[in-house]
Structure formats: C-alpha cells, structure tokens
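Naming convention: chains lettered A, B, ... in sequence-line order (proteins, then strands); numbering from 1 in each chain.
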Amino acid sequence: MAELPIYEPKSLESRWQHAWNETRAFATTGKAQPFYVLEMFPYPSGDLHMGHVRNYTIGDVFARYMRMQGLDVLHPMGWDALGLPAENQAIREKIAPQVRTPKNIAQMREQMRRLGLGYDWSRELGTYLPEYYRWNQWFFLQFLKRGLVYRRETQVNWCPGCNTVLANEQVRDNNVCWRGHTGVTTRKVPEWAFRITAYAEQLLKDLDQLGAWPERIVTQQRNWIGKSVGTRVQFPVLGTNHTVEVFTTRVDTIYGCTYVVLAPEHAMALAITTPEQQASVRAFIETMRGQDKIERTAEGAPKVGVFTGAKAKNPYTGEEVPVWLANFVLADYGTGAVMSVPAHDQRDFEFATAYQLPIKPVIYPLGKDLSLPLKAAFTDDGELKNSGVFSGLASPVAREKMAHAAKEKGFGDAAVTWHLRDWGFSRQRYWGTPIPIIYCEEHGAVPVPESQLPVVLPDFESVELTGQGGAPLAKLPAFYETNCPICGKQARRETETMDTFVDSAWYYARFLGPHDTTQAFDPALAKSWLPVDIYVGGPEHAVMHLLYFRFWHKVMRDLGLVHNDEPVKRLITQGMVNAIAFRCPTHGYAKAAQFRDKKPEERLCPECHAPLEVAIVKMSKSKYNGIDPMELIEKHGADTARLYTLFAAPPEKDLEWNPEGVDGLFRFAVRVHRVFAVHQARVREAPLPTSQHGLSPADAEIRSVLHRTLLKVTDEVGVRNHFNTAIAAMMELLNALYEQRLHEESCSVSPGVIREALLTFAQMLAPFAPHLAEEIWAGVGGQGLVCHSLWPKPDLDAVARKSVMLAVQVNGKLRGQVEVPIDASQATALAAAKADENVARHLEGKTIKKEVVVPNRLVNFVVAG
RNA sequence: GCGAGCGUGGCGGAAUUGGUAGACGCGCUAGACUUAGGAUCUAGUGGGUAACCCCCGUGAGGGUUCGAGUCCCUCCGCUCGCACCA
C-alpha cells in the first residue's frame, strides 16, 4: 500500500491562502445580487484574541455561505485605530501612533489571513488616516448646518493631580485616578455635542423595523431611549421669585406630595436656601461633588439629603411643602427636581422615613383599603382619594385631566422626557479627529471651510504627550494659531478632538469606496449595497455604538446620502469566550495553563499553597486564562480553530474554551482528510451518479446519507444559523462514511459515488474549514475554487425514504418501535403497532379507549383496566 | 430596584410546529493493532437493575393534554445590562 498524504494543515492552509490572494477571490464582482456582510472592526492592538477569532469566523461563515448562494458578497475589514488605548501606548513607549499603528495593523492583517478569513483587502480602511477622518470633519460641518451640533457645558471627571479630564474608566474607586492621584472630583467644562435627542422619536419608532435584531438588544435600546410621558408642574418658592419645575409621570399622586427635592447640582439650590441653612447646604453640595455619580445613585446607597429652609407651594392644593436637596436626584434628568410622594414612590418613602417627613396616601387599590401605616409605598395605579375635584377618578384618567388642568391654569403642562441624552463628543486628546472649528474674536466659532479639509493632526514629535494638563493640541501654537476664514484676522483653532464613536458611526458606508477623495461615499453605491445585510459583533455595543450608528444613518438619509431608515437589516451578537481560571484569595489569578490539567487537590497557589478557587470567566490577560489563537493555529491549523469555535456553542451563546474539545475537531479534520486521501487518485475523474436508480445498496446508502446531510446543513446554516449542529451533521455523515469503510481502500462503494460524496462534503465544509475544503475539491476534480462554487442542491430522490420507524406508546410510555411504509395509513400503522410483541403485552387484557396516530412519527394507545 | 436571558448526563451542548430526551463532540470503560502510545480502529457509555423487561429522569412543586424539556401558574437558583429615571 502506497504512503497516503497525511494531513498537514500548516502547508495546506498556506497554499490555499496564497491561491485566494493571487486570484483576489473575495472581491466583489458586480455580476450578482449584492449582499453585505460586516463584522465590527477592531482596535488594532497588534494581536488577535479569541473574541476576535469568534467574531470574525462567524462573519466569514456567513460571507462564504452567501457567496456560494450566488450572491455578490461584500466582506470588508478595517481598523478602528484612533482613541485612548493607542494614545496611552504612545505615552508609555514614546513611539508615534502614526508609526506604531500601521505595524500593529500589518501584524493583525497577517493573523487574519492565517485564520483564512475571506476579506476584500482592496477595501481596507483605517480611521487614523486623514483620508478617512477628513470625512468625520465634513460630516461635522453638515451636522452643524442642520443644527445637530452645539456647544454646551457638561459635568466631567476632573483630576487635579493630572490637571485634566478623565474618562470613566480612568477613575478608580474612592476618587483615585489611574495614575494614583486622590481627590478626583467633577467640574463643568464646555464641550461639543450632537443633538441625537432630536432623533429620539425616530430611533424609538424605527426599532419596529428591526425584526431581525436580537430581542434583547432592541429592548435595551428602547429602555436607553426611555420615552416617558408625564407632566411638568411648577412649584413657586415662597418669598422668592423662583419657581421649581418638576417632571412627574404620576401627577395623579400629587395631592400626596409632602416635599420637593432638587438635585445638589440644581442651579437654584443655593439661591433658594435660607441664610440659616446656607452652611449645611453648601457642605452637602461639596460632599456630593466629590462623589461618583453612579455610586451615589446606586441601589442600596443610603438616601441622604439636606433641608434648604425654603418652602414651595403645591399649585394643585395650595399646600406649602419643604424643599430639600438629596443624592438620589440627578441634575441632568428631567428638570433636575422631583415632587416627592412617599406614599406612592418607594424612593420617596425611604427618604421620608429617614427624615421623618409626612406620608400621605391618596391612591387606593380599587375596592380595597390601604393598611396604615404603610410599610412600603403603594406604587400601582388605583382610585384617587383626598384629591380635591379629582377624587374618585382612576389613575390614568386623572393623569390626563390633571395635566389639562395645569395647562389651563398656567402652572404646568403635559410633557415627554427622554432617558436619552445628547452625545457629547469632544475629547481633550491628541489621537483623534481634530474638530474643524476656528475661534475668532469677532465672529465666534467659525466652521473651517470644506475646501480647507482635512484639518490634519500635527506630527507626534511636535506634541508633548503626557496625559496631563488638558488638550495636547492646546500646547502647540503651530497647530492652533490660524486666521479667521471670514475676516482673516488672527484666530485660534479648536484643540479638542472627536470621540471615536464618530469613526464607527459611518465606517460601513466608507467601505463602499474607501479611497474616494471627492466624497465620503457614493450615494449611488449606497443605494445598491446598503443597508448592511448581516452585522456581527459583541452585545456590549448594544446601546452606545449601535445607537450612534443608527442616528448617523438617519442623518445621512436626511442629507440625501442613503435611502433607507436603518443601517443594518440583521444583527448577530456573539457571546463571550470564557475559560477556566484559577484564583488565590490573597495572591490573585494564577496562570491557568499550569493548573488546568492537574487534579483539584494539586491546584495550589504557587506562593502560599492555599487551594485555588476555580471559575469560568471571560478570557483576559489579567486573569491569565487566555489561549493565544496563533499558538492554536500553529499547532492544529486554522480550520480546526474555526471548527472548534463554531462547534462549541451557537453564535449568540457564551463559549467555554476546553482545550481537549479542540482535539476532537482536529480529529474530525484528520478523518475527513483521510477519506479524501485514500480515494482521491482513483475517483478524480469518475463520472458522477445522476440519480438514485440502479445503485448498489452501499452506494444508495451513501447517497442517501449525503443528501440528507446536505438538506440539514443547508437549513442549519442558511435558515437557523446554528453552525454547531451543521458541523454535527457533517460529523454524522463522516461516521456513516466510516461505517461503509470509506477510510479503507478496499471499500465496495463505487468511485462515482465516492467522488460525489467528497465534492459535496467539500462544499458543505467550505464556509467552516475553507482550506481543507479547497484541498478536497481540487483533489477530486472540482472546477475552480470551492469558495466560488454554487451551493449544491439535494437530490430529493436520494433523501426520500421508503419506510419509517414509528414509536409506539401505551399511555404515553414508549413500548416499542415498528417499521412501516412511509405515509402509511392509520389502519396500517395501528395494525403494525399492535403486532409488536412488547406492545401487545402491554395491551393485553386492557380496553383501548383511544388511538392516536401521528403520521410517520408515532402511535399512542390510551388504555384503561 | 428595574430590564433582559438562562437552568437538560461527569463536561460542552442537541431536541426546528407539543410527538421516541440526551444528536454531535469531549471525557470515561473494554477490546484490536502495537516495542510503545496522550496515535489509529472497533464496541459501549443518563441513573437504578442480572436484564434487551421494567422503574426513575430536563432546577422544585402544581396545572393543561392521549402525550410537556417545549404551553400556563407558583417558587428556587444563576448570568448579563443599567443612569434609584421621578
């Protein structure tokens, strides 16, 4: 027996990767119906991690499968290269991000190539290049013209030690900054913002168009947009000209209002405070300023507040109620002030209990009484009592009438507030898109004329990057000294840069023509390619990125650049990649690789020999439980890496990485290759069978299993997107081939049938293990590349069965199985069922009360006695 | 607290419309081949049981149904997101 070629993924894969490169196999053709597959583009850290591998493999399966369906697939890749991580790396290493980034990109591009990802690299884009970010600037100017960009003051984290603004992620617990300075506080600074709230209603309404998005993402977006319908009510502050305006969704409870609360940051807070309360109020405000907003308002945080001394008049009742400040009210939601109804709001109830404020019930459950004193707030709708002319009304009716009354009498009106806030996008950073604005003493903030774009970032060498002391560009006169575009006098350039969410808000459109120097993208191309058909990425982007992205698309629509409401038809969110991790309570995480294979009693901390805690957590450097994709590819090949990540869990679920499980998929690849290697030489030119007729039993069996598998895989991939079960079906097919001894030369299956099986197997395998698929396809005489072949059609004759196994139950319990002709009549099925020995035993001496027949599935006898 | 989701063998996971629970893989057991094997091949593998009969079994309890992992109710547990949203 001659030496068989053995499965050597390394050389095999590299060979096919070159073939794809040379033929530009994944470029669009313009000759078929367009189909756009996109994955969220990565930050070019320099190394692919398992999360990327999963994300991009899932996308690649879709792209390759859709191409085999005869569609003209656009599948591009690019780099989300601006932003904080690169800037920090530049500070640390003193290497220009302009130099570092392309190196990182080159390395990651090579890793992607080695994974066999089929991208059209001629469309590659990088957001750090002026040819990209000049269009951020251009969009900024268009948004400005439409009133969608404005200047505002905002509360930010401020570190006095660094003398600069900090991102939330740069602030650690207890107001300590990432560099270790204490005393991080908040301060108001001017910033640029996009008026996303102008599109709130549309962003909410169009969620209905997103039927092919995961339900939980749509729900998260709906909650984040957070439309709430209620009433604004003005409470005059006694003895002053001030009026506190509150927003409430429960105006029906207002007769139970016993105090009013302002946010500590409320503009009016000090103005209304009486002289004797000034000191304590000031102290309270100061304390709150140093507190983290999230922590302060977290559930379970004690509710604290201070009395201002002021009283306000409830305009409905004329009653005077005290005005307080409290930690749980936020300045930037609603009006920054709330009316407190402790009887009917749990927060208010807790606060009132803590400060011994009165609790006055005014809503009663229908036909019932409330047991007093209340142990908790009654927050449901009900019937109004002690509510003047509104008494006796049901809550929903009362809300309408009371809002109406407020409007008539001039102290309020119905109102809508949104959870969603405008998108502040200025950053005091270097590595971002410069905001194209020039400040002129005479003309104010003047937009840079479009003809002068791009405003290019100055060289890294000219900037002093320290991460401290505000915007780096503000220390660079060569950058900011300029002339006013209107009057030509000396003026100052904006030195802040844009949030990187701007880059990712429209990159999908730039892929249509990434090197277009005359426009952001060609609207005509957008008409044929957009919206994106499938977008694959992590669920962590459920609200921020995906909302900004939807917003931008709608603005582009209003600018006439795109022709539909939503950027993405179908969203796939893939789960995390988790792995076992080991942690010592005192010394932290230990290297997982050293302990994974040890017995539990041998898993001891290397430092203190305490037993290590075991947990399944997301792979990360800090937990030392990561698997390096490149090591995996080196050892088993890209096809195995891809197969495992697809097999271990369906795309949307978390995946637990089990190194032993990888071996199973490697074995699968080896076994497939073996069947191929045994037969390729002698079947390469064999004529294919054209029908199921006249085949030997073994041949018929092979064809039957093959075409059933094809039917199954087509459904799992194309309809259900359950790649794990598609691979399982191929494993079953392989097992069936082994049963017919196809892994041995001496098998009795005819060459034509073997060749058909190998060709079809290669096609089914092509989206998942594309290199091995090409090898087999070419080896048994397939035409061209398998990735360009058309997905095969199952031979329904081969799939059809002559008989089926029926399950036979007695009283719902399985008692036997009988073989009957397919589509057998009820009578035939029942007769066959009763003839089964074991079934007959269970029916003996019993009365059959009912006979249930489910065609081609089961028979159930209901018996008594 | 609010919102979303999930509980199935030793493990990852199947079960598509209410119709044979545990496909497929890992692990494990036995055998073959072998100087050897963490290679390969063959067979087995939810629990109870001598058993192919039978009984039990999808987080717990109840219900609907000829039939429930799947539908309904109550409860328990876990995970994720969050800005106490007035």
Participant: Between B:rG69 and B:rG46, how many Å separate the two C1' atoms, rounded to a whole number?
Facilitator: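 So the two C1' atoms sit 15 Å from each other.
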Participant: Counting only side-chain nitrogens and oxygens, does A:Asn838 get under 4.0 Å of the OP1 or OP2 atom of B:rC54?
Facilitator: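 Yes, because at least one side-chain N or O of A:Asn838 sits under 4.0 Å from OP1 or OP2 of B:rC54.
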Participant: Report the distance from atom OH of A:Tyr316 to atom CD1 of A:Ile254, rounding to the nearest 0.5 Å.
Facilitator: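 The distance works out to 5.5 Å.
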Participant: Would you measure the distance from the P atom in B:rU70 across to the matching atom in B:rC80 and give it in whole Å?
Facilitator: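 The same atom, P, in both gives a distance of 26 Å.
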Participant: List the steps, then state whether salt bridge (Lys or Arg N to Asp or Glu O under 4.0 Å) holds for A:Lys635 with A:Asp663.
Facilitator: CA-CA 11 Å; A:Lys635 194 170 165 200; A:Asp663 296 340; 5.4 Å; no
Participant: For A:Met805 and A:Thr249, find the nucleotide of RNA chain B closest to each by heavy atoms; which residue's nucleotide sits nearer the 5' end?
Facilitator: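 Nearest nucleotide further toward 5': that of A:Met805.
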Participant: Does A:Arg841 or A:Val854 map to a spot on RNA chain B nearer the 5' end, using the closest nucleotide for each?
Facilitator: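 Its nearest nucleotide lies further toward 5', so the answer is A:Val854.
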Participant: How far, in whole Å, is B:rC33 from B:rC24 if one measures between their P atoms?
Facilitator: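 It works out to 27 Å between them.
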Participant: If you measure from the C1' atom in B:rG47 to the same atom in B:rU58, how many Å do you get, rounded?
Facilitator: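 One C1' to the other, the span is 14 Å.
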Participant: Side chain of A:Arg347 only, heavy atoms from C-beta on: which candidate in B:rC85, B:rU20, B:rA14 is closest?
Facilitator: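 From the listed options, B:rC85 comes nearest.
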Participant: Please check: side-chain N/O of A:Thr249 versus main-chain N/O of A:Gly230, any donor-acceptor pairing under 3.5 Å?
Facilitator: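 The answer is no, because no donor-acceptor pair under 3.5 Å joins these two groups.
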Participant: For residues A:Tyr644 and A:Phe666, establish whether the separation of their ring centroids is below 6.0 Å.
Facilitator: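 No: the rings miss the under 6.0 Å criterion.
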Participant: A:Thr219 side chain: which of B:rC53, B:rG25, B:rA4 is closest?
Facilitator: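 That would be B:rA4.
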Participant: With respect to the side chain of A:Ala807, which nucleotide from B:rG3, B:rG27, B:rU20 is positioned closest?
Facilitator: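 Side chain of A:Ala807 sits closest to B:rU20.
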Participant: Using 30° and 60° as the class boundaries, would you call the ring planes of A:Phe501 and A:His545 parallel, tilted or perpendicular?
Facilitator: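 Judged by the thresholds at 30° and 60°, the geometry between A:Phe501 and A:His545 is parallel.
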Participant: Between B:rC85, B:rC54, B:rA14, which nucleotide gets closest to the side-chain atoms of A:Arg720?
Facilitator: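 Nearest listed nucleotide: B:rA14.
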Participant: Can you tell me which residue among A:Leu203, A:Leu204, A:Leu420 is in a side chain to side chain contact (heavy atoms under 4.5 Å, CB included) with A:Lys227?
Facilitator: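 Between A:Lys227 and the candidates, side chain to side chain contact (heavy atoms under 4.5 Å, CB included) is satisfied uniquely by A:Leu204.
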Participant: Side chain of A:Asp715 only, please: which of B:rG67, B:rG25, B:rU16 is the nearest?
Facilitator: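 Of the candidates, B:rU16 comes closest.
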Participant: Return a single string for nucleotides 38-49 of chain B, one symbol per nucleotide in 5' to 3' order, where B is base contact, S is sugar-phosphate-only contact and - is none, cutoff 4.0 angstrom on heavy atoms.
Facilitator: -SSS--------
Participant: Looking at the angle O4'-C1'-N9-C4 for a purine or O4'-C1'-N1-C2 for a pyrimidine, is B:rG9 syn or anti, with syn meaning within 90° of 0?
Facilitator: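 Because its glycosidic torsion lies within 90° of 0, B:rG9 adopts the syn conformation.
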Participant: From A:Asp499 CG over to A:Met544 CE, what is the distance, rounded to the nearest 0.5 angstrom?
Facilitator: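 That separation rounds to 7.5 Å.
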Participant: Measure from the side chain of A:Arg421, starting at C-beta and using heavy atoms only, and say which of B:rA86, B:rC24, B:rA83 lies closest.
Facilitator: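 Minimum distance to the A:Arg421 side chain belongs to B:rA83.
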Participant: Between A:Arg708 and A:Ser704, do the side chains contain a donor N or O and an acceptor N or O under 3.5 Å apart?
Facilitator: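 Short answer, yes.
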Participant: Without swapping roles, check the side chain of A:His344 against the backbone of A:Val362 for a donor-acceptor pair under 3.5 Å.
Facilitator: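 At least one qualifying donor-acceptor pair exists.
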Participant: Can you figure out which of B:rC26, B:rA23, B:rA86 approaches the side chain of A:Glu732 most closely?
Facilitator: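 Ranking B:rC26, B:rA23, B:rA86 by closest atom to the A:Glu732 side chain puts B:rA23 first.
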Participant: Between B:rC75 and B:rA23, how far apart are the two C1' atoms, rounded to whole Å?
Facilitator: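 These two C1' atoms come out 32 Å apart once rounded.
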Participant: For RNA chain B, what string of dots and brackets results from 5' to 3' when Watson-Crick and G-U pairs need both distances under 3.5 Å, crossing pairs get [ ], and pairs with another strand get |?
Facilitator: (((((((..(((......[....)))((((((.......))))))(((.....)))..(((((..]....))))))))))))....
Participant: Rounding to the closest angstrom, what is the interatomic distance between B:rU17 and B:rC6 at atom P?
Facilitator: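 Here B:rU17 and B:rC6 have their P atoms 15 Å from each other.
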Participant: Out of B:rG12, B:rA86, B:rG19, which has the shortest distance to the side chain of A:Thr248?
Facilitator: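 It is B:rA86.
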Participant: Just to confirm, is there a sub-4.0 Å distance from OP1 or OP2 of B:rA86 to any side-chain nitrogen or oxygen of A:Ser228?
Facilitator: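 So the side chain of A:Ser228 is within the cut-off, an N or O lying under 4.0 Å from OP1 or OP2 of B:rA86.
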Participant: Would you state whether a donor and an acceptor, one from the side chain of A:Lys653 and one from the base of B:rU79, lie under 3.5 Å apart?
Facilitator: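 No such pair is found, so the answer is no.
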Participant: Is any side-chain nitrogen or oxygen of A:His344 closer than 4.0 Å to OP1 or OP2 of B:rA86?
Facilitator: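 For B:rA86, neither OP1 nor OP2 has a side-chain N or O of A:His344 closer than 4.0 Å.
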Participant: Which whole number of Å gives the distance between the C1' atom of B:rU42 and that of B:rG61?
Facilitator: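 So the two C1' atoms sit 46 Å from each other.
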Participant: Out of B:rG12, B:rA86, B:rG25, which has the shortest distance to the side chain of A:Glu656?
Facilitator: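 From the listed options, B:rG12 comes nearest.
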Participant: For the side chain of A:His419, starting at C-beta, report the closest nucleotide among B:rC85, B:rA23, B:rG12.
Facilitator: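 Of the candidates, B:rC85 comes closest.
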Participant: Quick check on B:rA86: is either OP1 or OP2 less than 4.0 Å from any side-chain nitrogen or oxygen of A:Arg399?
Facilitator: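 Checking A:Arg399 against B:rA86: no side-chain N or O falls below 4.0 Å of OP1 or OP2.
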Participant: Suppose you measure atom P in B:rG22 against the same atom in B:rA68; what distance do you get, rounded to whole Å?
Facilitator: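 These two P atoms come out 16 Å apart once rounded.
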Participant: Anything under 30° is parallel, anything over 60° is perpendicular, the rest tilted; go ahead and classify A:Tyr7 against A:His673.
Facilitator: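 Because their plane-to-plane angle lies in the 30° to 60° range, the rings of A:Tyr7 and A:His673 count as tilted.
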Participant: Measure the CH2-OG distance between A:Trp324 and A:Ser340 for me, rounded to the nearest 0.5 Å.
Facilitator: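 It comes to 10.5 Å.
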Participant: Considering every strand and a 4.0 Å limit on heavy-atom distances, what is the contact class for A:Lys813: base, sugar-phosphate, or nothing?
Facilitator: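 Counting heavy atoms under 4.0 Å across all strands, the contact made by A:Lys813 is with sugar-phosphate only.
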